[in-house]
Amino acid sequence: MSNFLKGLILIPLGLVIIVVAIANRGPVTLLFDPFSREQPAYALTLPLFVVILLAVMVGVVIGGVAVWLRQGAYRRRARAAEASLRRVRADAKAPGTELQTLPRVEL
């Protein structure tokens, strides 16, 4: 089922990307010098679809990094909870340990 859903999403997405690439083959010049438009220090001429795809890729990477950074607190809490659980299990397996109320773990 998962492969079907991937195909259902990725095939139309791939077709849209191909159509956009074919429709936007014209060259555009990217200027990396904000002070001199006529004689830029560095300029790059690329097809428009390459510029669009690169912008989308950079946006996905920046968004992924932002989500990863925002979820850092949750990952930290999960690691602490796992460590606490390992300690409790190790204590419970120790010889001579009696069954008692386990400490409460805050998540």
Side-chain angles (χ1 to χ4, degrees):
M1 188 66 164
S2 175
N3 288 335
F4 175 73
L5 291 176
K6 280 185 202 175
L8 192 64
I9 293 171
L10 293 179
I11 290 174
L13 182 63
L15 290 173
V16 167
I17 290 172
I18 290 171
V19 168
V20 167
I22 291 172
N24 295 293
R25 290 177 293 185
V28 295
T29 302
L30 293 177
L31 303 175
F32 295 101
D33 185 2
F35 303 112
S36 176
R37 188 176 183 137
E38 291 77 28
Q39 295 294 325
Y42 186 71
L44 190 62
T45 301
L46 297 169
L48 180 59
F49 75 91
V50 172
V51 175
I52 292 170
L53 291 177
L54 285 175
V56 168
M57 284 188 242
V58 167
V60 167
V61 169
I62 290 172
V65 169
V67 168
W68 183 77
L69 289 173
R70 287 192 67 165
Q71 292 176 347
Y74 300 112
R75 288 192 306 275
R76 197 173 314 112
R77 280 193 247 162
R79 281 192 302 271
E82 286 175 12
S84 177
L85 182 60
R86 272 190 243 112
R87 282 192 304 272
V88 168
R89 285 183 178 165
D91 289 344
K93 288 183 180 179
T97 316
E98 295 181 16
L99 190 61
Q100 56 185 333
T101 306
L102 298 176
R104 184 168 185 202
V105 177
E106 291 292 325
L107 296 178

Cluster link L54 to V65, ILVMFWY, side chain under 4.5 Å | no

Greater than 12 external heavy atoms within 6.0 Å of I11's CD1 | no

Is the shortest heavy-atom distance from the side chain of V28 to the side chain of T45 under 4.5 Å?
-> no

Between OG of S36 and CD of E38, what distance do you get to the nearest 0.5 Å?
-> 6.0 Å

Taking all atoms of both residues into account, what is the closest heavy-atom pair of V20 and F49, and its distance?
-> O-CB, 4.2 Å

Does R75 CZ have over 12 foreign heavy atoms under 6.0 Å away?
-> yes

D33 side chain to P40 main-chain N or O, any donor-acceptor pair under 3.5 Å?
-> no

Student check: side-chain heavy atoms of K6 and N3 closer than 4.5 Å | yes

May I ask whether V16 and L5 are part of the same hydrophobic cluster, defined by side-chain heavy atoms of I, L, V, M, F, W, Y residues being less than 4.5 angstrom apart, directly or through others?
-> no

Between L48 and L31, is there a shared hydrophobic cluster once you connect ILVMFWY residues whose side-chain heavy atoms come closer than 4.5 Å?
-> no

State yes or no: do M57 and L44 share one hydrophobic cluster built from I, L, V, M, F, W and Y residues joined by side-chain heavy-atom distances below 4.5 Å, directly or via other members?
-> yes

State whether the side chain of R77 and the backbone N or O of Y74 hold a donor-acceptor pair below 3.5 Å, judged by distance alone.
-> no

Between G7 and P12, what is the shortest heavy-atom contact and its length?
-> O-CD, 3.7 Å

For F35, does the CZ atom sit with more than 12 other heavy atoms under 6.0 Å from it, leaving out its own atoms?
-> no

Determine whether L53 and L30 fall in the same hydrophobic cluster, where Ile, Leu, Val, Met, Phe, Trp and Tyr are linked whenever their side-chain heavy atoms lie under 4.5 Å apart.
-> yes

Student check: side-chain heavy atoms of L15 and I17 closer than 4.5 Å | no

